[in-house]
Number of protein chains: 2
Amino acid sequence: MTAPTRRERLRTATATEIKDGARRLLVTGGVDAISLRAIARDMGMTAPAIYRYFPSLEALVAALAGDLYDELRLRLEATRDDAGAEPVDQLLAMCRAFRAWSVAHPAEFGLIFGAPSPGLDGFVDDCVDPDHPGARFGAVFVQPIIDLWHRSPFPTPPAELLRQQLGGRLEPLRLSHGEVPIEVAYAFLSGWTRLYGLVAMEVFRQLTWAVTEAEALFELELAMFTAQLGGGADQAGGGQ
Amino acid sequence: MTAPTRRERLRTATATEIKDGARRLLVTGGVDAISLRAIARDMGMTAPAIYRYFPSLEALVAALAGDLYDELRLRLEATRDDAGAEPVDQLLAMCRAFRAWSVAHPAEFGLIFGAPSPGLDGFVDDCVDPDHPGARFGAVFVQPIIDLWHRSPFPTPPAELLRQQLGGRLEPLRLSHGEVPIEVAYAFLSGWTRLYGLVAMEVFRQLTWAVTEAEALFELELAMFTAQLGGGADQAGGGQ
DNA sequence: TTATTTGGGTGAACGCTGTTAACTATCGCA
DNA sequence: TGCGATAGTTAACAGCGTTCACCCAAATAA
C-alpha cells in the first residue's frame, strides 16, 4: 500500500466527480435522467471521455449504487456508536436513522432498494458476496440483534419450528456471520422486512391514499415492535 | 350507455393491443425497454400513430400501470370469493395470491409497487382519489379485516393510544371507507406494510444475501401473523 | 348520391441518447 | 531527450420521443 501517484489521485478525483454528477441528475430527474452526455456537459468534457473511467452507463450507475449503500451503512454505524451501550437503543436509533435517510433521499433509496432494472441485475445478484456493498449494509443490523439476544433474549417462535421451516435456507446469512442463533436470524429477517416495508411504502408514496404523515405510523410501529421485544427502555415517544 | 360504434370498437382494440405490446416489452426488458417505436414495429405501424391513442409514452405507461392494478385486484377479489366465509381464511388466501402474482410478474410488480419515476409522479399522487386503480386495489384488503374484527376482535394496541398517535391522519382512508374502527385501520396498515415488505424484498431480490427460498420465510411470517390474530383456522401449512 | 368533415396512419425531421472508432496531445518515466 | 501509457477530442451510427405536414378511407350531411 504505497502512496498514490499524482495520476492516481487525479483519476479517482475525476471518477468521483463523475459519480457526483450522476447523483445530482438522479436526485433532480430520477434514474432515467442520468446520462453520460449530461454529466460530461456539466464537467466541461465530452461524453466518450467517461468511458476511460466506467465501461458503460450501467456500470457507472452500479458504482453509484455501491457508494450509496456505503454511505447509508456508515451513517447507521455512526448512529449505532452514538446510541449508547444498550442494544435496543442502538436498534431504535438505527431504525429512525434509516427512515430519516430514506425520506431525505427518495431517489437514492429508489435506486438501491427499488425494482432492479435489468441492467443492474448483475449488481444485485452479486449480493451473495459478503463483500458486496449491499450485503455489508444488510449485515449492519445483525450484530446489534445478536447482542440484544444475548443480553435479554426476546420472545421468538420455538427454535424447532424455525429450524424445520428455515433450516438450511439461511446458509447465505451464516456465510457472512458464522453461527447465528436461528432465533436471531428469524428476528432479523422479520424485523428488517417490516422496517423495509414501512419505509419503502412511505418513500414510494404508496400510502398516501390511506394515511397522511407516515412518520406517526412509523413511530407507532416502532413502539409496538419494542414492546414485542419484551418492553425496552425507550418506548413510544421520540417522534415529533 | 349505448352500444359502441364500429369506430369505438376498433379504437379500444388498438389501444389494448398497444398496451399489450408495452407489457411484453416491460416483461422482457424492464420498464426502460418500453418504447413507442418498438411497440409500433411489433404492430406493423409507425410510432407517431400511437399518439392518436396516448398523448405520450408516460401516459401509456401510466395506463398500463392502472390496468395492472386492476388485474391484481380482480385476482385477489376472486381469491377472496373462493376462500369460504371465514375472513381469516380469506385474508390468508389473499396474501398468498398477492405473493404468487408478484413473484410470477416481477416486472409488473416493479412498475406499480417500485420506485415511481418522476414521469409517473402524477399517476401515483392521484391515488388520493378513491377511484384511482391504486386506491381501489389497496382497499381490497380493508373489508375482510373489518369482517374479521366484527366476527372475532383480534388484539390491537389500545384505541386511545391509536387515536392519539394516528388521530386525524387516517382521513384519506375514512374518505373511501366511511367510519372504520381505528383498531381496524391500524391492523390494516400494519399488516399491509408487512406483507408488502416481505414480498417486495423477495421480488426485488434484496434477501438473496441472507436467505434462499423466500417462500419458506413468507409462510412462516404468515403463520406468526395469524397466531398473532388470536389463532386462526388455517395455521402454518399450505406452503411447500 | 354526392360532398364534406373527421379520425387514423405515414414520412420526414429535430434533438436527444449510448457507444465505437480513429486521432491527438500531454504527462510520467527511463 | 525520447517513448509509451493515459486522457481527452471529433465524427459517426443507430435508436429514441416527439412534432409537423400530408394523405387516405370511413362516417356523416346535404
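Note that this is a predicted model, so its numbers are computed, not measured. Letters go in sequence order (proteins before strands), and every chain restarts at 1.
- A side-chain donor-acceptor contact under 3.5 Å links E8(B) to the backbone of T5(B).
- Here the straight-line distance linking atom CZ of F109(A) with atom CZ of F204(A) works out to 5.0 Å at 0.5 Å rounding.
- In this structure, the CE atom of M43(A) is 15 Å from the C1' atom of dT9(D), given to the nearest Å.
- Of the residues in residues 12-22 of chain A, none has a non-hydrogen atom less than 4.0 angstrom from any atom of DNA chain D.
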(request) Could you run through nucleotides 25-30 of chain C and give me one letter per nucleotide, 5' to 3': B if any protein heavy atom sits under 4.0 Å from the base, S if only the sugar-phosphate is that close, - if neither? (result) --BS--
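- Annotation: the span from L76(B) atom CG to R80(B) atom CZ amounts to 9.0 Å, rounded to 0.5 Å.
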(request) Report, as a single string ordered 5' to 3', how protein heavy atoms within less than 4.0 Å touch nucleotides 12-24 of chain C: B base, S sugar-phosphate only, - not at all. (result) BB---BBBB----
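- Remark: R75(A) CZ is loosely packed, at most 12 non-hydrogen atoms of other residues, nucleotides or ligands lying under 6.0 Å away.
- In this structure, NE2 in H105(A) is found 13.0 Å from CG in L111(A), a value given to the nearest 0.5 Å.
- The pair R23(A)-D20(A) does not meet the salt-bridge criterion, since no charged nitrogen lies less than 4.0 angstrom from a carboxylate oxygen.
- As a whole-Å value, the separation of M45(B) CE from dG7(C) C1' is 13 Å.
- Across the protein-nucleic acid pair, R11(B) atom CZ and dA26(D) atom P stand 17 Å apart, rounded to whole Å.
- Put simply, CD on E8(B) is 14 Å from C1' on dT6(C), counting in whole angstrom units.
- When all heavy atoms are compared, the tightest approach of M94(A) to T79(A) is N-CG2, 4.1 Å.
- Between the CZ atom of R41(A) and the OG atom of S35(A) there is a distance of 6.0 Å, given to the nearest 0.5 Å.
- Using a 4.5 Å heavy-atom cutoff, the side chains of W209(B) and L173(A) are in contact.
- E171(A) CD: 12 or fewer foreign heavy atoms inside a 6.0 Å radius.
- Look at CG on D32(A): it is 13 Å from C1' on dC16(D), rounded to the nearest Å.
- Between T46(B) and the phosphate of dG11(C), there is no side-chain N or O to OP1/OP2 separation shorter than 4.0 Å.
- Whole-Å rounding puts the I50(A) CD1 to dT9(D) C1' distance at 14 Å.
- Whole-Å rounding puts the Y53(A) OH to dT6(D) P distance at 12 Å.
- Each of E221(B), E215(B), E219(B) was evaluated against R96(B); a single residue qualifies, E219(B), per the salt bridge (Lys or Arg N to Asp or Glu O under 4.0 Å) test.
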